[in-house]
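Order of the sequence lines fixes the chain letters, A, B, ..., with proteins taken first and strands second; residue numbering starts at 1 for each chain.
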Amino acid sequence: MLQLQAIRDHKDEFIKALQKRNVDGESLLNGVLFLDEKRRTTQTQLDATLAESNKLSKEIGMLFKSGKSQEANVIKEKTGSLKEESKQLSEALNGINEELQTLLFQIPNVPHNSVPSGNTDDDNEEIFREGDIPKLIEKAQPHWELAKKHDIIDFELGVKVTGAGFPVYKGKGARLQRALISYFLDKNAEAGYTEIQVPHLVNETSGFGTGQLPDKEGQMYHVGEDDLYLIPTAEVPVTNLFRDEIVNEKEFPICYTAYTPCFRREAGSYGAHVRGLNRLHQFDKVEIVRVEHPQNSYEALDGMVEHVKNILRELKLPYRILRLCGGDLGFTAALTYDFEVFSTAQDRWLEISSVSNFETYQANRLKLRYKDENGKSQFAHTLNGSSLALPRVLAGILENYQTADGIQIPEVLVPYCGFDTI
RNA sequence: GGAGAAAUGGCAGAGUGGUCGAAUGCGGCAGUCUUGAAAACUGUUGAGGGUCACACCUCCGGGGGUUCGAAUCCCUCUUUCUCCGCCA
């Protein structure tokens, strides 16, 4: 959520930046400013009424104490109209606040200066590419064929137990999953991220805190009976740890890493692009989350990008980094870098990580603050990234590492797996 | 799941209808003393709105009610604790 003060101060810049998302910032922000103005005048009127009525109440109290109950009763009669007035004003104020809130929830984050304008993922800007695309054997297969051949992932079995998009990993496949999780967590811990385990269901307030609600309501599984949501990413529970907190400036940088399964309804997805591991309803991911001082957040973002690069280098997977264009940028992000691994057998790039700076957008919703040097509360910056999402990494490994003698395991994973070939 | 008790500032903990945003202690911050630190002493220290700055307003788990006036009384929800039941 954008800050009112920031909108007041930077309206024109914001409108221009929002154009990169093809969002009509002008009418939205003008609407906000109009309501904000209305809110303040109403609030002022209400405050004055309450002040008057507080004053009278105190007088009544004193009069009763000194035994002048008759005079007290005279004043008492005056309070009736004040009460009525304040009731009306506070109802009006509540209405305005609700309207303002609803409007603010509709406005996405303001893109960072470096974000290119554009509508679709075709307009994303490739900023980096590394790793050799392997020359595959004659009869190279996509990962879903390989998974079947080696009996390491059973998609049909998942369909029987749950439905499409819930695969069952078997034998070496399951072990490789576990190896990847451990390896990623170890790498993140090594880089200074504290490992934590968090709930896989969150309440509605948490959904609002990180911005999944109300924007992506339909993308999350909802447990109606208990009004809880299955997490679409560890970002939600981990970032919400800091909801309603005022952290000490000295604690920065705050760095956490967590492994969780992620649940996404993926309503509307279909076709060849969702085959195999490409798009699932349940998948595993190791996430990194940072809470930063606003001055350092972009440096931190760069650090996270370097960190993910290192992991992909160690895995020896060919990858590229994209800077997302305005149209492809998530609702809450100011700047996002996507990592994609080249899946040779499918001849396409697969997104395996998304690293973003949310600036104060989430912090404002979360009321996540720190004290600046003047002792004033300021919103912190939040960031997160996948480090990494498992299924497509697995797809990349299976496809790129296939040989005539089976699938090789990347060297760094062998100690975690206990085998070097599938 | 059943019965009872409770929820107050970073923490502990007073406060049962009026001047209480709230005693006191701990912690934090600043200072005195000290070569430095500790101890001791002094001061300061919740959040949000509003204002150029004050004034002023709101907040004592959430929501609603009674009252001129609510941390305090009533209703309701949530959470925690104790006992019982069940259980990985």
Exercise. Between A:I246 (CD1) and B:rC11 (P), how many Å, whole number?
Worked result: 12 Å

Exercise. Is there a Watson-Crick or G-U wobble partner for B:rG36 with both distances under 3.5 Å, and if so, which one is it?
Worked result: none

Problem set entry | CD1 on A:I107 to CD1 on A:I7, rounded to 0.5 Å | 5.0 Å

Exercise. Take atom CD in A:Q295; do more than 12 heavy atoms of anything else shown fall under 6.0 Å from it?
Worked result: no

Problem set entry | B:rA14: pairing nucleotide in any strand, Watson-Crick or G-U under 3.5 angstrom | none

Problem set entry | C1'-based separation of B:rA22 from B:rA88 [nearest Å] | 46 Å

Exercise. Roughly how many Å is it from CE in A:M62 to C1' in B:rG17, rounded to a whole number?
Worked result: 17 Å

For this session: Kindly state which residues belonging to residues 359-371 of chain A come within less than 4.0 angstrom of RNA chain B, counting heavy atoms of the residue only, listed by number.
Result: A:R369, A:K371

Problem set entry | Watson-Crick or G-U counterpart of B:rG50, or none if no pair lies under 3.5 Å | none

For this session: Using the P atom as the reference point in each nucleotide, state the distance between B:rU8 and B:rA14 in Å, no decimals.
Result: 11 Å

Problem set entry | Nearest-angstrom distance, P atom, B:rC87 to B:rG4 | 25 Å

Problem set entry | A:Y298/A:H381 aromatic ring centres below 6.0 Å | no

Exercise. Is there a Watson-Crick or G-U wobble partner for B:rA70 with both distances under 3.5 Å, and if so, which one is it?
Worked result: none

Problem set entry | Parallel, tilted or perpendicular: rings of A:F208 and A:F105 (30°, 60°) | tilted

For this session: Can you tell me the pairing partner of B:rA22 across any strand shown, Watson-Crick or G-U wobble, with both distances under 3.5 angstrom?
Result: none

Problem set entry | Nucleotide B:rC52, atom C1' - distance to CD of A:Q5 in whole Å | 13 Å

Problem set entry | Whole-Å P distance, B:rC20 and B:rA37 | 39 Å

For this session: Starting at atom CG of A:L228, determine the distance to atom P of B:rU78, rounded to an integer number of angstrom.
Result: 13 Å

For this session: With C1' as the reference atom in both, quote the distance from B:rG64 to B:rG48 in angstrom, rounded to an integer.
Result: 22 Å

For this session: Spell out protein contact along nucleotides 53-70 of chain B as letters: B when the base is contacted, S when just the sugar-phosphate is, - when no protein heavy atom is under 4.0 Å; keep the 5' to 3' order.
Result: ---SSS---------BS-

For this session: Go through the steps for A:E190 and A:K187 under the test salt bridge (charged side-chain N to carboxylate O under 4.0 Å, His left out), then give the verdict.
Result: CA-CA 5 Å; A:E190 216 174 275; A:K187 291 302 290 181; 3.6 Å; yes

Exercise. Parallel, tilted or perpendicular: which describes the rings of A:Y193 and A:H307, with under 30° parallel and over 60° perpendicular?
Worked result: tilted

For this session: To the nearest Å, give me how far apart NZ (A:K38) and P (B:rG49) are.
Result: 21 Å

For this session: Look at the aromatic rings of A:Y370 and A:H293 and report parallel, tilted or perpendicular, splitting at 30° and 60°.
Result: tilted

Problem set entry | Residue pair A:S27 / A:D24, side-chain donor-acceptor N/O under 3.5 Å | yes

Problem set entry | Gap in Å between the two P atoms, one belonging to B:rU42 and one to B:rA47, rounded | 25 Å

For this session: Calculate the interatomic distance between A:D244 atom CG and B:rU79 atom C1'; express it in whole Å.
Result: 15 Å

For this session: May I ask which nucleotide in the shown strands pairs with B:rC41, Watson-Crick or G-U wobble, both distances under 3.5 Å?
Result: B:rG31

Problem set entry | Separation between the C1' atoms of B:rG13 and B:rU34, rounded to whole Å | 35 Å

For this session: Verify whether one side chain among A:E359 and A:N109 offers a donor that lies under 3.5 Å from an acceptor in the other.
Result: no

Exercise. Using the P atom in both, what is the distance from B:rG10 to B:rG46, to the nearest Å?
Worked result: 10 Å

Problem set entry | Atom pair distance, as rounded to whole Å: CG in A:L4 and P in B:rG48 | 15 Å

For this session: Decide whether a cation-pi geometry holds between A:K172 and A:F419; the criteria are a distance under 6.0 Å from NZ or CZ to the six-membered ring centre and an angle within 45° of the ring axis.
Result: yes

Problem set entry | Watson-Crick/G-U partner (both atom distances under 3.5 Å) of B:rA3 | B:rU82

For this session: Please assess A:R243 against A:N240 for the test side-chain hydrogen bond (donor to acceptor under 3.5 Å, both in side chains), listing each intermediate value before the final yes or no.
Result: CA-CA 5 Å; A:R243 175 149 46 81; A:N240 270 282; 2.8 Å; yes

